[in-house]
Amino acid sequence: EFQIPETNENFEALLNEQFGDNGITGSVVKGTIVRVTPDFAIVDVGLKSEGRIPLREFGQNAELKAGDKVEVYVDRYEDKDGQIVLSREKARREEVWQDLEKSLNAGERVNGVIFGRVKGGFTVDLNGAIAFLPGSQIDIRPIRDITPLMGISQPFQILKMDKVRGNIVVSRRVVLEETRAEARAELIDTLKEGSILEGVVKNITDYGAFVELEDGIEGLVHVSEMSWTRKNVHPGKIVSTSQEVEVKVLEVDPEKRRISLGIKQCMPNPWAAYVEEHPVGSVIEGKIKNITEFGLFVGLSDEIDGMIHLSDISWDKSGEEAVKDYVKGQDIQAKIIDVDVEKERISLGIKQLSENTLATALDGIKKGDVVKATVVSTEDKGVNVEVNGVAAMIKKADLSKEKANQNPDNFKEGDVLEAKVTSVDKKNNKLGLSVKALEIEEEKKALEEYSNTSTGSTLGDALGEALKKNA
């Protein structure tokens, strides 16, 4: 009886070992060219049969001869004729894929050529592997015509790869952003505040304009740094896109990678020039351009305005009353009383053109004096009085220390009141008066006198006597 010996070996494995492909199907192997025919190169890859590869897959004018070593892709172990199906073209693509995967993992850029348009973007040749370039990844800013970018070798960044589906997605924008960041960092390191540079206006916003200093390197000119005199206007009315401008570096922030620029700093400062010709104390002529709750704005030149505050219009009238004497468009004279070139302010005064007669009247009055005040008129807030020709008001609360006597209606025009001077402001011709303060002072003195006497009189008697003496 014939018996088959037992074995642990797999029959399929034995067949593969004897006749199979040793697992090289779908991989790239090194083979040797056995011979070259007019149309094919016959290649031995160490299997039971040889494979043939069309000469066109080796490229035009390829010089091949027997014995040459080539890398080929094993597509199938056998075709219908029992031959191994090899491909040089697929081997080359496989090599490219492996190189691209290494670049993706290392974060390295790869060179490619944009050669076609597809829906949503463009096709890029990465040395034989075809990649997709989305429209949003072409440039940092939208580009209307990319024709100049096609057909030339340039760097790309691989965003993702799917070998199973054969998909590769690349970006040109990432490369530009990284290149710009590197160049910006280098430029920022070399920039010095105060440097004067040439640039081109690239973009205009409501708050300023972006000026390109070098290719892809921009700084911001804030609207406040565009003109010495044109305030509250849109930046687009001062500069235009693509305009070449001279700018000054105002500030460099290496951490935030920001460059602040100024245009007006490259031009003469009209404020400084005007003040040089018209120093403080000069008398100027101008036209009232506007009247506001703060005062009068006066045009001094085509570019410069000065301001007359309400308090600097008249010596003897309140600002609210004095401003009523002027109208927009009126020509006036004024004196320059203060200048701040840095803040671009020129303060003017009309009252400074004449002598302050009221200040002279106040020379003999000091805080703490007791004066006689003549009632001019009364109102709900208090009593308007005059002391030596100086107008003042005794507020309702200062008419008496007794609340019942604080009614302004208790007084009439022509009444003379004794009051204590609580403040003197010669600059603004203001006098602070208080009957209440005088009464309190007199009462205090009466108490002191009472405490210093040893008679048997009462406190009321002492106060009465004191008040009689002061009456």
Side-chain angles (χ1 to χ4, degrees), residues 7 9-106 108-118 122-133 150-154 156 158 160-170:
T7 176
E9 297 185 65
N10 185 287
F11 184 66
E12 182 180 357
L14 289 172
L15 286 175
N16 285 334
E17 182 179 347
Q18 183 67 26
F19 304 105
D21 63 357
N22 293 327
I24 66 173
T25 299
S27 62
V28 177
V29 298
K30 186 167 287 188
T32 303
I33 296 178
V34 178
R35 61 185 179 279
V36 179
T37 70
D39 297 317
F40 297 95
I42 311 304
V43 181
D44 179 14
V45 292
L47 298 177
K48 69 172 188 174
S49 60
E50 299 165 345
R52 63 180 187 173
I53 302 173
L55 292 181
R56 58 180 170 75
E57 291 194 15
F58 290 92
Q60 293 182 351
N61 303 321
E63 296 182 0
L64 302 174
K65 62 182 182 299
D68 285 350
K69 302 291 184 181
V70 292
E71 288 189 336
V72 297
Y73 180 83
V74 181
D75 202 350
R76 282 179 307 189
Y77 182 60
E78 284 186 350
D79 62 6
K80 61 181 181 178
D81 298 322
Q83 287 187 327
I84 299 173
V85 180
L86 304 176
S87 172
R88 172 59 186 158
E89 192 174 273
K90 288 186 178 180
R92 187 181 291 111
R93 284 205 299 267
E94 189 69 19
E95 290 173 9
V96 172
W97 267 90
Q98 291 176 0
D99 292 339
L100 293 177
E101 285 180 335
K102 290 179 183 177
S103 298
L104 173 63
N105 295 331
E108 297 174 344
R109 298 169 186 171
V110 296
N111 286 327
V113 177
I114 302 174
F115 69 91
R117 298 174 183 265
V118 294
F122 304 85
T123 50
V124 180
D125 181 0
L126 301 178
N127 195 26
I130 306 304
F132 173 62
L133 173 63
M150 299 182 71
I152 59 173
S153 179
Q154 53 191 312
F156 295 89
I158 301 175
K160 62 181 179 179
M161 294 179 67
D162 187 338
K163 190 172 182 180
V164 176
R165 297 182 179 180
N167 292 338
I168 306 174
V169 181
V170 295

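Just so we're clear, the structure is a prediction, and the values are computed from it rather than from any experiment. If you read the sequence from its start, that first residue is 1, and numbering goes on from there.
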Peer 1: Would you check if F132 and V118 make a side-chain contact, meaning some heavy-atom pair closer than 4.5 Å?
Peer 2: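 Yes, their side chains come closer than 4.5 Å.
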Peer 1: So, D68 side chain and K65 main chain: donor-acceptor pair closer than 3.5 Å or not?
Peer 2: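 Between the backbone of K65 and the side chain of D68 there is a qualifying donor-acceptor contact (under 3.5 Å).
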Peer 1: Which heavy atom of N111 sits nearest to which heavy atom of S153, and what is that distance?
Peer 2: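 Heavy-atom minimum between the residues: CB-OG, 3.8 Å.
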Peer 1: Can you see which heavy atom on M161 is nearest to which on I158, and at what distance?
Peer 2: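 That would be CG-CG2, 3.7 Å.
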Peer 1: Identify which one of I33, T32, I42 satisfies the side-chain contact (heavy atoms from CB on, under 4.5 Å) criterion when paired with E50.
Peer 2: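 The side-chain contact (heavy atoms from CB on, under 4.5 Å) with E50 is passed solely by I42 among I33, T32, I42.
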Peer 1: When rounded to the nearest 0.5 angstrom, what distance separates CD1 in I114 from CG in L133?
Peer 2: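 Atom-to-atom, I114:CD1 and L133:CG are 5.0 Å apart.
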Peer 1: Between atom CZ of R56 and atom CG of D39, what is the distance when rounded to the nearest 0.5 Å?
Peer 2: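 The distance works out to 10.0 Å.
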Peer 1: For G116, does its backbone N or O pair with a side-chain atom of T123 as donor and acceptor, under 3.5 Å?
Peer 2: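 The answer is yes, because a donor-acceptor pair under 3.5 Å joins these two groups.
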Peer 1: Going by heavy atoms in the side chains, are L86 and V29 under 4.5 Å from each other?
Peer 2: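 No, side chains not in contact.
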Peer 1: Using 0.5 Å steps for rounding, measure from the CZ atom of R35 to the CZ atom of R52.
Peer 2: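 Between atom CZ of R35 and atom CZ of R52 there are 10.5 Å.
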Peer 1: Within this structure, what is the CG-OG1 distance for the pair L64 and T37, rounded to the nearest 0.5 Å?
Peer 2: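 Answer rounded to 0.5 Å: 10.5 Å.
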Peer 1: Between atom CZ of R88 and atom CD1 of I53, what is the distance when rounded to the nearest 0.5 Å?
Peer 2: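 So the CZ of R88 and the CD1 of I53 are separated by 8.0 Å.
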Peer 1: Answer yes or no: is there a side-chain heavy-atom contact under 4.5 Å between K163 and E94?
Peer 2: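 A side-chain contact under 4.5 Å exists here.
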Peer 1: Salt bridge between E95 and K30, side-chain N to carboxylate O under 4.0 Å?
Peer 2: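 Salt bridge flag = no for K30 with E95.
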Peer 1: Work out which heavy atom in A91 is nearest to a heavy atom in V28; give both atom names and the distance.
Peer 2: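 For A91 and V28, the tightest heavy-atom pair comes out as CA-CG2, 4.1 Å.
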Peer 1: Do you know which two heavy atoms are closest between N167 and W97, and how far apart they sit?
Peer 2: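 Answer, listing the atom of N167 first, then W97: O-CH2, 3.8 Å.
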Peer 1: Please name the pair of heavy atoms, one in V34 and one in A66, separated by the smallest distance, quoted to 0.1 Å.
Peer 2: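 So the minimum-distance heavy-atom pair works out to O-CB, 3.2 Å.
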Peer 1: Answer yes or no: does atom CG of D99 have more than 12 heavy-atom neighbours from other residues, nucleotides or ligands under 6.0 Å?
Peer 2: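 Yes, enclosed.
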Peer 1: Return the minimal non-hydrogen interatomic distance between I84 and V45, and the atom names on each side.
Peer 2: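 Looking at all heavy atoms of both residues, the shortest contact is CD1-CG2, 4.3 Å.
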Peer 1: Once rounded to the nearest 0.5 Å, what's the spacing between atom CD1 of I168 and atom CD1 of I130?
Peer 2: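 Rounded to the nearest 0.5 Å, the CD1-CD1 separation comes to 8.5 Å.
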